Amino acid sequence: VAVLGTAFGKDLAAAVVPAASGSGVWQRLAAFIEPVGRDALRFRNTLVRDAAYEGLPYRTRTQLHGFVAQRIESQSPDPSEHAGILSLHYAEARMDEKAFTYAIRAAERAAAIYANAEAASFFERALTVARRAGRGVAGDLASVWESLGDVRERMGDFDRAHAAFRSARRLQPADAVAGARLSMKHALIARRAGRYAAAIRWLGRGRSLLTDDDAESTMLRARLSSWTASIRQEQGRSDDAIVWCFRAIDEANASGADAALAHAWYVLDWAYMETGRTELATNSLQALALYE
């Protein structure tokens, strides 16, 4: 530990491993360290590794992490392939901007393959280094909090998903569309937990935020309406569900919100079937075509 700490601390760029090798250091440490291929070494025992690491001075430790990160980044044809490990080393090196960038890349890659726990860990790392660096771009951090909420919701971690969405809302209080979208996400978490009354309140809150009639607001309004219809139907309130379905259909047609339109048609047929009006339940093929 003393040899490595002193050597790397003096000059990271020189990386005097070859000189240390020539002096027989690695032979004397053979009980603890073993070669991996031609150019690498590793500890035989994780306890010894952790003790060696904890014995390094803090400044040396951060320098080592920075050296490793820069080495991986410079030698890789595509550094994004190593985004996870780069985010770790840059975070430990206190190089927060790079740590933030690579943590987001790693999180997005993990989320894309539904590795939700891993994605959540990387999003949390991005937020940690952003807070430490005083990163002040609210839009960036709001999107990170929202993405963290999404992966927590997929994991079934509903309370912490709610907390993440709250943090996202607080960072953009003047953005009505973002507020309505996040309200819908709160509602869908409440629905998954069987809290239908709370879900309806969140959906109503989302609609109340959308005072403009632009395409984006109308499209989101259609989604809020279709989910209100669906939850009313799940509550057994089919007549209310039908009213909300027609509202969603009108809004979806006006904005081109195909997903909301398909959802509304599906729920409408469900409500017709539940109320014995099977002759009216003719919308499911249209819904299927849109879903496909």
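Source: prediction; values computed, not measured.
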| message | If we ignore hydrogens and angles and just use 3.5 Å, is the side chain of R232 paired with the main-chain N or O of R237 as donor and acceptor? | response | no
Between Q286 and T282, the two heavy atoms sitting closest are NE2-O, 3.9 Å
Minimal heavy-atom distance between G66 and A93, with the atoms involved, is N-CB, 3.4 Å
query: Would you call the rings of W202 and H186 parallel, tilted or perpendicular if under 30° counts as parallel and over 60° as perpendicular?
result: parallel
Sequence neighbours excluded, the answer for side chain to side chain donor-acceptor pair (under 3.5 Å) partners of R181 is E146
The side chain to side chain donor-acceptor pair (under 3.5 Å) partners of R205 (sequence neighbours excluded) come to none
The residue among N283, N253, D250 that forms side chain to side chain contact (heavy atoms under 4.5 Å, CB included) with L261 is N253
- In this structure, are over 12 heavy atoms from other groups packed under 6.0 Å from R152 atom CZ? yes
### Query
Ignoring hydrogens and geometry, is there a side-chain-to-backbone donor-acceptor pair from N116 to V151 under 3.5 Å?
no
Ring of F158, cation from R192 - is the NZ or CZ under 6.0 Å from the centre and inside 45° of the axis? no
Minimal heavy-atom distance between L171 and P173, with the atoms involved, is C-CD, 3.5 Å
All heavy atoms of Y90 vs all of K98, minimum pair found to be CZ-CD, 3.5 Å
Looking at F122, I'd like to know if the NZ or CZ of R125 sits under 6.0 Å from its six-membered ring centre while staying within 45 degrees of the ring's axis.
no
Problem set entry | Short side-chain donor-acceptor distance under 3.5 Å, E251 and S225 | yes
In the structure I gave you, are the side-chain heavy atoms of Y272 and T278 within less than 4.5 Å of one another anywhere? no
